[in-house]
Amino acid sequence: MSDINALKTELSTEIEAATDLAALDEVRVSVLGKKGRITALMKTLGRMDPEERKTTGQALNVLKDEIAALIKRQESALKKQAMDVRLASETLDISLPPRPERKGHVHPISQTIEEMVTIFASMGFSVAEGPDIEDDWHNFTALNFPPGHPAREMQDTFFLPDDESEQGERAKKLLRTHTSSVQIRNMTEIAKTGAPPIKTICFGRTYRSDYDMTHTPMFHQMECLFIDKDVTMAHLKGCLTDFVRTFFALDDLPVRFRPSFFPFVEPGAEVDIGYVKNKDGSIKLGKAPEGQEQKWMEILGSGMVHPNVLKNCGIDPEEYQGFAFGCGIERIAMLKYGIPDLRTFFDCDVRWLAHYGFSSIDRPNAATGQ
Ligand code: PHE
């Protein structure tokens, strides 16, 4: 029994002497492990007579529990100590001023698209989408561009390598030259599953091989399409005039329709808005005051959807008509926000974006720009 007491004292000292968790674990293995000292003593019980086995066995069990508890206590003390050391060495100096946070800006293209969505949504239009990589059918043929027609050349097209697995017009892949291709997808889809009215707008990237101050090989267009039973040119004029006046926030902005040709509309019209030239050469949108010359600039293409286009999409032109118009988004963003060079839209210069971009929080009212 005194042996056991002596062992207890010895082990307690060893446990207290362990100054880190690894050392403590070594003590634990040497005492309670398979070959540990208490384990070894347990094994001697078998050789004792019953009476001695009983008392020694009990004492050993008590010792074992006491030692295990001591190890546990020492372990939590050591863990706490380690945490205290970490806390002391890893303190944060919360009095340090924070680094200035860089604020992002909304690109003028995104802002302009959002403004247009707001205006057209208030007129009951929904947003349609189509792919950037188109085929000849959706970009040209279905839009009434006959094969070899010079109008195809009007839009210097980026063609993609032929797709061996497909045949005919669908095989010829290209980067869409305008968003009018979305009209075709939109009308074909509706004709398959139901019937007009169709009242959609779409926005997206378009591509033409062109590069100067007012052209980039990739730019954005918007397209508006309205098909129903009694749609007339008067609806086109009303909708368009409302749109440009709301967009530029000028109630009396002069709007002029000029006959023009696009294969997919008949009649077709280009839309001009009025401006005046200031003495310093800059321009101001709006009606010319008495004595000053009213100038015009073209901003849109428009027209009544050609009967061939409706037929190509499975819509009966005897029953339905409609209008479409489309325009470059950069162009009207440049006009509204006074951005002089189209190429800068895609230079990815954060200084440009900080100047012409919009704060994501305090942006002007999307519909009116005020
Ligand atoms: N798609 C024409 C263009 O890219 C614009 C347009 C759209 C004209 C709809 C008429 C009707 O120039």
Side-chain angles (χ1 to χ4, degrees), residues 113 116 120 125 127-132 134 136-146 149-158 174-188 198-210 214-227 231-241 243-244 247 255-273 297-310 312-313 315 317 320-333 342:
I113 290 178
M116 292 201 271
F120 284 104
F125 286 83
V127 177
E129 283 182 328
D132 288 24
E134 263 301 358
D136 191 83
W137 170 257
H138 289 93
N139 196 79
F140 291 125
T141 309
L143 283 159
N144 202 33
F145 286 79
H149 191 280
R152 284 179 191 246
E153 249 95 287
M154 265 164 44
Q155 312 186 345
D156 284 323
T157 312
F158 290 114
L174 47 89
L175 294 176
R176 66 178 175 199
T177 58
H178 50 183
T179 40
S180 301
S181 53
V182 184
Q183 270 188 41
I184 301 300
R185 293 189 173 272
N186 203 197
M187 289 195 279
T188 310
I198 302 171
K199 222 176 159 187
T200 49
I201 39 164
C202 82
F203 303 92
R205 296 193 185 99
T206 45
Y207 307 83
R208 293 181 199 176
S209 177
D210 227 342
T214 50
H215 298 89
T216 49
M218 188 282 293
F219 59 105
H220 295 75
Q221 276 197 344
M222 69 80 69
E223 182 106 358
C224 175
L225 176 71
F226 181 28
I227 307 286
V231 184
T232 69
M233 192 89 186
H235 293 111
L236 166 63
K237 290 179 82 171
C239 176
L240 245 170
T241 307
F243 159 61
V244 287
F247 180 79
V255 181
R256 178 172 88 171
F257 290 74
R258 231 175 345 95
S260 184
F261 173 77
F262 300 95
F264 36 95
V265 287
E266 184 57 39
E270 271 173 345
V271 179
D272 300 336
I273 52 175
M297 73 171 89
E298 184 235 314
I299 56 156
L300 267 155
S302 70
M304 300 305 290
V305 178
H306 197 291
N308 288 349
V309 175
L310 294 170
N312 288 337
C313 300
I315 292 175
Y320 294 102
Q321 329 76 46
F323 67 71
F325 58 84
C327 73
I329 297 174
E330 287 80 0
R331 181 154 169 66
I332 63 168
L342 175 69

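Start at 1 and go down the list; that is how both ligands and their atoms are numbered.
Residue-level proximity to ligand 1 for Glu270 is absent, since no heavy atom of it falls below 4.0 angstrom. Here Phe262 has side-chain heavy atoms under 4.0 Å from ligand 1, and that is the only part of it that gets that close. Using a 4.0 Å cut-off between heavy atoms, Cys327 makes no contact with ligand 1 at all.
Only one option out of Gln221, His220, Met297 pairs with Arg331 in a side-chain contact (heavy atoms from CB on, under 4.5 Å); it is Met297. Put simply, the residue from Val182, Thr200, Ile315 that forms a side-chain contact (heavy atoms from CB on, under 4.5 Å) with Met187 is Ile315.
Note on ring orientation: taking the six-membered ring where Trp is involved, the planes of Phe140 and His178 are tilted (angle from 30° to 60°). Aromatic ring pairs are classed by plane angle as parallel below 30°, tilted from 30° to 60° and perpendicular above 60°; the pair Phe243 and Phe247 is tilted.
Within the 3.5 Å criterion, the main-chain N or O of Thr177 finds a donor-acceptor partner in the side chain of Asn139. Counting only distance, with no hydrogens or angles, the side chain of Thr206 and the backbone of Phe219 share a donor-acceptor pair below 3.5 Å. At least one donor-acceptor pair closer than 3.5 Å links the side chain of Gln321 to the backbone N or O of Val231. Judged by distance alone, with hydrogens and angles left aside, the side-chain atoms of Arg176 form a donor-acceptor pair with the main-chain N or O of Arg205 at under 3.5 Å.
Assignment of Phe323 to the shell around ligand 1 is not supported, since no heavy atom sits closer than 4.0 Å. At least one heavy atom of Ser302 sits less than 4.0 Å from an atom of ligand 1.
Residue-to-ligand polar distances place Ser180 within reach of ligand 1: an N/O pair is separated by less than 3.5 Å. Polar contact with ligand 1: present for Arg208 (N/O pair, distance under 3.5 Å). The N/O atoms of Gln221, backbone and side chain alike, include one that comes under 3.5 Å of an N/O atom in ligand 1.
Here is the list of ligand 1 atoms found below 4.0 Å of a heavy atom in Phe325: 7 (C), 9 (C), 11 (C). If you number the atoms of ligand 1 from 1 as listed, the ones under 4.0 Å from a heavy atom of Phe264 come out as 1 (N), 2 (C), 6 (C), 7 (C), 8 (C), 9 (C), 10 (C), 11 (C). Within ligand 1, the atoms closer than 4.0 Å to a non-hydrogen atom of His178 are 1 (N), 4 (O), numbered from 1 in the order shown.
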